[in-house]
Each structure stands twice: as C-alpha cells, then as structure tokens.
**Student:** 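Handing you this structure, nothing more for now.
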There are 2 protein chains.
Amino acid sequence: MSDTDELLSIRAAELYYEENQTQDEIGVILRLTRWKVGRLLASARANGFIRIEIVHPRARRLPIERRLRESTGLTDAIVVSSAGVSTDAELQSRTAQAAADYLTSLRPIPRTLGISWGRTLHDVSLHLKQGWASGVNVVQINGGVSLNQRTGTAASTAVTIAHKADGSATLLPSPAIFERLETKQAMEADRTVAGVLALARDAQAYVFSAGQADANSALVDSGYLTVDQINDLVARGAVGDVVGRYIDQNGRIVDPELNERTVGIQIDQLRRAPLTIAVISGKTKHAIARAVVRNGLCTVLVTDEDTANALLHD
Amino acid sequence: MSDTDELLSIRAAELYYEENQTQDEIGVILRLTRWKVGRLLASARANGFIRIEIVHPRARRLPIERRLRESTGLTDAIVVSSAGVSTDAELQSRTAQAAADYLTSLRPIPRTLGISWGRTLHDVSLHLKQGWASGVNVVQINGGVSLNQRTGTAASTAVTIAHKADGSATLLPSPAIFERLETKQAMEADRTVAGVLALARDAQAYVFSAGQADANSALVDSGYLTVDQINDLVARGAVGDVVGRYIDQNGRIVDPELNERTVGIQIDQLRRAPLTIAVISGKTKHAIARAVVRNGLCTVLVTDEDTANALLHD
DNA sequence: GGGATCTTCGCTCATCTGAGCAGGGGGACC
DNA sequence: GGTCCCCCTGCTCAGATGAGCGAAGATCCC
C-alpha cells in the first residue's frame, strides 16, 4: 500500500473508531468514495494498526486459546487477559477465577474430583460460587498436612470446594514428604490412608497447580524442603513440582529417591487420566507450565496471556 | 446491569472482536437472541470494557482534540497518540511530524511565516516534505545566533523550511539575549536588523515551540543563561520560555529587565496574531504548555496525548 | 393481592457494511 | 508505440447491525 494510503487509512480509522462516523461520512470528509474508505479501514486492520482490547477481569483471549489447543493438543485451554493488570497477585486471582468458571461449566459434573493444594487452589476454592455443582466428592491427591501455619489451607481448600458443591471432602491425612521411606510406606499401609489414595487414583477429574523450583516454593515455605535441597534439584534440571513431585523440562522425575518419599498419586497417573486441569499462572511459572503441557500432564490448561504466549513462542 | 449480564457482555465481546463472529452466531453460542447480543455489546462499549487503540506514528486523538478546543477556545488542536511510544524522543518526533502535516495542510498558505528555533522546530523542518508549500517567506522571530555548536541549527531550520517550500528565508542575525541593554538597542537600530524584526512582526502566521524552565533549557545549553539564572527565574515563578522570553503560569514576563535584553518579537505580538501555532510535547513541558494555552499565546496547539490530558484535567 | 410504573424483550425496518464483479487506467514489456 | 496484464475503482447486492416500538415481565407500593 502506498504511503499516502497508509496515512489515509489512519485518518479514516480515527474518524471511524474514535468519532463513530459512518464510512459514508468519512468519505465526504476525506473526499473519498465510501468503498475506498471501507478498503482503507480493512487495510488498517490487516496491517495491525487497530488494536482492540477487552479490559475486564473476566476477559479471556480466545484466539490464543485456539492456537494453544492446536499447537499442543490440549483438550481445552483457558487464557485470561492480562490487559490492565499491574500486579502478579491480580493476574493469579483472574486465573483462579477462570478456573472456577471452568469447573462450574464442566459437563458432566465429575462425581469424584481430585485436587492438590496450594495458594492457587485455595484461590480457586474462594472464587467458586455456592452451588457451583452438586454432590461432588472432593479428594486430596497429595499429602498436605503442612509443618507450619499453612496447615489449615490444604484441608480448607478441599472442604470449601466440596461444601460449595454440596458434596463431601476426603482429606489425605499425611505429610507431603516423609524423611524416611519406611515411615512413608507404613503410612500408606494404613487402611484409611490407602483408602484415600485409592479414591484419589479413581477420581474422574483432577485439578492441580504447579510450583516453580526456587526458594519461594510452597514446599520450602511449608518446611518439607530446605533451600539447599531446592538448589540441588534445580542443579539437576528441576523446573518445578506437580503434586509435590519435582520434574525436569522433559516431564521426568528429577530425584527418584525423593519421589519415593512423597505421598500422593504418581505423575503417571495424571498422565493417564482423561481430565486433568492444570491451573498455572505468573511469570515465574513459565518453565513448569511448559513442562506440564509439553509432556501431557494435563488435558486442560488454565493460565494467563503471558504464560500462554511463552508456550506458543517456543 | 446485572452481574451475569456483565459477564455475558464480555463473552460476547470476545467472540465479536477477537473471533469475528456475527451477532447471530454469538447468539447461538451463548443461547441468546441476536438482539440481546447487540445490546450486550453496546453495554460493553458503554462501560468502557472495549478499548480501541490506533497504533501508528501518525495516529491522532480526535476526541481529545475536540475536548481541548472546547475547553480552551483554541482554533485548532492537534494531539498525537502516545500508544506504543517508549521514549520521549519518539513522542517529540511524532509531534513534530504532526506539526509538519498541519503546516502542509494550511489554507491559505501564509506568505510570511515567522518561526522560532530549537530542537522541536528543527525536527519539524526535517519532517516537512519537499514542496510542502510554494513561495513561503520564512522569517526568524527571535535571536538565534548561538554561542556554541548549536549555531547552525537555528539558521538551518529556517532555511530548510523555506527551501522545501520553494521560498526564501530571512534570518535574524542577532544573539538571543544581550548582556547589556545598550548593545541590544544598538543592534535593533541597525537597518538590516530592524527590517527583519518589522518583517517578523507582520508575519501572517507563527510557528514556535517553548522550553521548560530548568537546567536543560536550550538557552542554558546555548550559553545565554547560567543555571543560577534559571534557578532564580524559577524561584520567581517562571515555568518556561516562549521565543526566548520567560513567563510565569499567568503568561506574564517574569523578569522585565531580562526581557528587555532579549531580541525578537514580544509576547504580546504573539497574543495579537491571528494564527500562532505552538508545538509543545513531552512530560517536562506540561507547565509551559499550560501557560501558553491558558493565556492565549497560541491559537493552534500541536502536542502529545499526555500533555493534552494534563491540560484537560486542570 | 392488585394496580402502577419501569425495565427488558423480541421484532420491524432502515441503514451500514463487506464480498464479489466488471470496467478502466497505468505500468511493464516487447 | 503497441499490447498485455495487473491493480485499482466504482458498483450491485446480500448480509449484518442499530434505532425505535409495542408487548411482556419485573418491581414496588399500597
């Protein structure tokens, strides 16, 4: 397109989009036929000069969702807009809200829903509306009795989700990671615990988040791992954890011995499940999000625009 | 509007603006009539959820221009968009381009055009196209023989503008500010200089910029004023200079004695002129832009979006 | 419970807009 | 200089959209 046409297309766009003039009226002003004006506007759009943003906490980015589905083979992708977001907390809240919306719209409603725990899942539980579903049995899929003040949140997340769905919660009364393998095996041998784990394995759907592998990890906060241990895992290729288990960018367990001492369903059980919803957002989690998606650990991803774009531009 | 309607309006907007679906198709998807979809989209727009930006160096903000004309009584206002601009230099370049465009579109073409000098005017001269007008006599309206390397730009600005308009340039061969009043008066008594000043007073149109009152002022750079002198002027209320003369926020000369020693047309001559085009942009110039506009020193303002908004939100 | 009032809904109709097509002007190539 | 080809222009026509209107529904107050 010629230079003067480009300039005209901008003038036309100003009158059309900012002044709400009709193409006819613009034609009179710019001394063009209305068809020429229409073509100029089309070229302005084609050249990307017109940027339309939906500025709202619930706004999603459907084109990115579609591209994500196509390029990764995900069953579904939910991408929240980051337009107008200033803090990471706000973005995570939007993502949690979107996850809650997605759960609410799930059909058929899963009778048993396996969930992990953490800040993100807790956020999701708060965003769910009373009556979001009915008769859902929520079961914890990894150990969650924390060693410090976070103690309550793991249980309350499950209870809240279940309560709001007029269902029941089945808690996994176990630490996330044991220091000794023998203790962990003894715990799993307990009939109650074994029953919960069996229920977790048979869940019809899973919702989980993921943690980045760094000193701010929830597993460090909760006292299960030291900063040194995390650094060691990172040195061995860990990008983050899923249901308490650290994986590298190829989705492989980084430390099999540590993995053995971790309570909850295995990574492979997630891989085989028909409906696994990963809720991952924030700049620090791009790497673990990539590992989760690329290695088929989830069938549905709920994330933010920036993370989604990072996945697309690999 | 109800909460669910708000959410629906966002879903509709996503499908309409991002997926290019028709309102009919959206109706099928969301199980609404197409009229409801139309109303939802209208409400999304009314609520400001839809933000449309024209991203282009030549883009202007017509609604802001209109509000500026209405609230200030300016004959014309040109406001360039700051969408996608990262540096102040880029913004100033856009503004200079807009000023060049405005000059080019002026009808009738002024036979005599008075100009000041400085970075901004120089930028305007570079953005003008060869043949932007024909037969314009460009005359300098304030002293511009600089004391250092800037020397050339004042003259070259005038010459370039004139040359590109197939016209002639009349330079004012004088320093901007004299140290002694007597020297200045002697200079003005010179027939050549007096002739130039007379021509400048009779110009049909003026284009000028303005400088902020701080240590980065062009008059300090050029060696006419010291940083101490500027600080003194600021202490006495100066917000910036127009054609080399420092004014306060009420448009009054801050230092009459200094003003007497300054060569060029008077502020009052600008005030009386029928067509005076001020080109002012950048965050540091909000105050001087306000002084110029509020006190009728220009009839046309060419500026950037942020400066314009600052003027509107007084 | 019943009426008054205000909002929301589905629809008609006029207008706006984009797809597609034929004709003409201008440039490229011989 | 002539011819061919391509792109641009102006147009027809059908589809998409917004204004306006009467009816249905919701709400409020008695």
Side-chain angles (χ1 to χ4, degrees), chain A residues 1-56 58-63 65-66 81 101 105 129-131, chain B residues 1-56 58-63 66 81 101 104-105 129-131:
Chain A
M1 191 175 52
S2 82
D3 202 52
T4 64
D5 263 17
E6 179 169 321
L7 190 50
L8 275 176
S9 77
I10 297 302
R11 295 285 154 263
E14 288 160 0
L15 294 164
Y16 190 74
Y17 289 106
E18 302 207 314
E19 299 284 75
N20 292 315
Q21 309 245 25
T22 69
Q23 298 185 4
D24 240 344
E25 293 168 324
I26 296 169
V28 172
I29 294 171
L30 299 181
R31 297 162 201 285
L32 302 167
T33 63
R34 70 188 173 82
W35 298 286
K36 176 74 179 175
V37 173
R39 284 186 240 265
L40 286 172
L41 287 172
S43 80
R45 285 189 289 263
N47 283 314
F49 298 151
I50 313 298
R51 182 156 66 205
I52 302 184
E53 257 183 357
I54 302 171
V55 186
H56 192 280
R58 307 287 275 267
R60 283 163 51 187
R61 300 302 316 277
L62 303 188
E65 294 182 357
R66 182 154 29 78
S81 163
D101 289 347
S105 69
K129 278 213 176 138
Q130 186 63 44
Chain B
M1 190 176 52
S2 82
D3 201 53
T4 64
D5 264 15
E6 179 169 321
L7 192 49
L8 274 176
S9 77
I10 297 301
R11 295 284 154 264
E14 288 161 359
L15 294 164
Y16 191 74
Y17 290 107
E18 303 208 312
E19 299 284 74
N20 292 315
Q21 308 245 27
T22 69
Q23 298 185 6
D24 238 346
E25 293 168 324
I26 297 170
V28 172
I29 294 170
L30 299 180
R31 295 162 202 286
L32 301 167
T33 63
R34 70 186 175 85
W35 298 284
K36 176 74 177 174
V37 173
R39 283 186 241 265
L40 286 172
L41 287 172
S43 80
R45 285 188 289 262
N47 283 313
F49 297 151
I50 313 298
R51 184 156 67 204
I52 302 186
E53 258 182 356
I54 303 171
V55 186
H56 192 280
R58 307 286 276 267
R60 283 164 51 187
R61 299 302 316 278
L62 304 188
R66 180 153 32 77
S81 163
D101 290 347
T104 305
S105 69
K129 278 213 178 139
Q130 186 64 44

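Below, all heavy atoms of this structure are taken into account, side chains as well, without hydrogens, waters or symmetry copies. A, B, ... follow the sequence lines: proteins, then strands. Residue 1 opens every chain.
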**Student:** List every contact pair, protein side and nucleotides 21-23 of chain D side both N or O, where the distance is under 3.5 Å.
**Tutor:**
none

**Student:** Taking C-beta and beyond as the side chain, do B/L62 and B/R66 meet within less than 4.5 Å on heavy atoms?
**Tutor:**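 No, side chains not in contact.
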**Student:** Just the rounded figure in Å: distance from C1' of D/dT9 to CG of A/L8.
**Tutor:**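 Going from A/L8 (CG) to D/dT9 (C1'), I get 15 Å.
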**Student:** Ignoring backbone atoms, test whether A/Y16 places a side-chain nitrogen or oxygen under 4.0 Å from the OP1 or OP2 oxygen of C/dC16.
**Tutor:**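 So the side-chain polar atoms of A/Y16 never come under 4.0 Å of the phosphate oxygens OP1 or OP2 of C/dC16.
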**Student:** Any side-chain N or O of A/R34 under 4.0 Å from OP1/OP2 of C/dT15?
**Tutor:**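 Looking at the OP1 and OP2 atoms of C/dT15, neither is under 4.0 Å from any side-chain N or O of A/R34.
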**Student:** Is any NZ, NE, NH1 or NH2 atom of the basic residue among B/R39 and B/D5 found under 4.0 Å from an Asp or Glu carboxylate oxygen of the other?
**Tutor:**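 B/D5 and B/R39: not salt-bridged.
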**Student:** So do the side chains of B/E14 and B/E19 get within less than 4.5 Å of each other, counting heavy atoms only?
**Tutor:**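 Result no, sub-4.5 Å side-chain heavy-atom pair not found.
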**Student:** I need the A/D101 CG to A/R60 CZ distance, nearest 0.5 Å.
**Tutor:**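 Rounded to the nearest 0.5 Å, the CG-CZ separation comes to 8.0 Å.
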**Student:** Is any side-chain heavy atom of A/L30 closer than 4.5 Å to one of A/R11?
**Tutor:**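 A/R11 reaches A/L30 side chain to side chain.
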**Student:** Identify, between A/W35 and A/E25, the residue whose nearest nucleotide on DNA chain C lies closer to the 5' end.
**Tutor:**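 In this pair, the answer is A/E25.
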**Student:** How far does OG1 of A/T33 sit from CD of A/Q23, to the nearest 0.5 angstrom?
**Tutor:**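 If I round to the nearest 0.5 Å, the distance is 10.0 Å.
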**Student:** For B/L41 and D/dT17, give me the distance from atom CG to atom C1', rounded to whole Å.
**Tutor:**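 B/L41 atom CG is separated from D/dT17 atom C1' by 10 Å.
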**Student:** Rounded to the nearest Å, what distance is computed from the CG atom of residue A/D24 to the C1' atom of nucleotide D/dC11?
**Tutor:**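 Nearest whole value for this atom pair: 14 Å.
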**Student:** Taking only N and O in the side chain of B/Q21, is any of them less than 4.0 Å away from OP1 or OP2 of D/dA16?
**Tutor:**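 False: B/Q21 side-chain N/O out of range (4.0 Å or more) of D/dA16 OP1/OP2.
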**Student:** NZ of A/K36 versus P of D/dC11: gap in Å, rounded?
**Tutor:**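 Rounding to the nearest Å, NZ of A/K36 and P of D/dC11 are 15 Å apart.
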**Student:** Whole Å only: how far is the CG atom of B/N20 from the P atom of C/dG18?
**Tutor:**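 That distance rounds to 11 Å.
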**Student:** Picking from D/dT17, C/dG18, D/dG10, which would you name as closest to the side chain of B/Q23?
**Tutor:**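 Out of D/dT17, C/dG18, D/dG10, the nucleotide with an atom closest to B/Q23's side chain is D/dT17.
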**Student:** Which of these nucleotides, C/dG18, D/dG10, C/dC9, is closest to any side-chain atom of A/R45?
**Tutor:**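 Shortest atom-to-atom distance from the side chain points to C/dG18.
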**Student:** Rounding to a whole Å, what distance do you find between B/L32:CG and C/dC11:P?
**Tutor:**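 Answer to the nearest Å: 14 Å.
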**Student:** CD of B/Q21 to CG of B/L15: how many Å apart, nearest 0.5 Å?
**Tutor:**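 Nearest 0.5 Å value for the CD-CG distance: 5.5 Å.
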**Student:** Check the distance between C/dG18's P and A/L40's CG and give it to me in whole angstrom.
**Tutor:**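 Rounded to whole Å, this separation is 12 Å.
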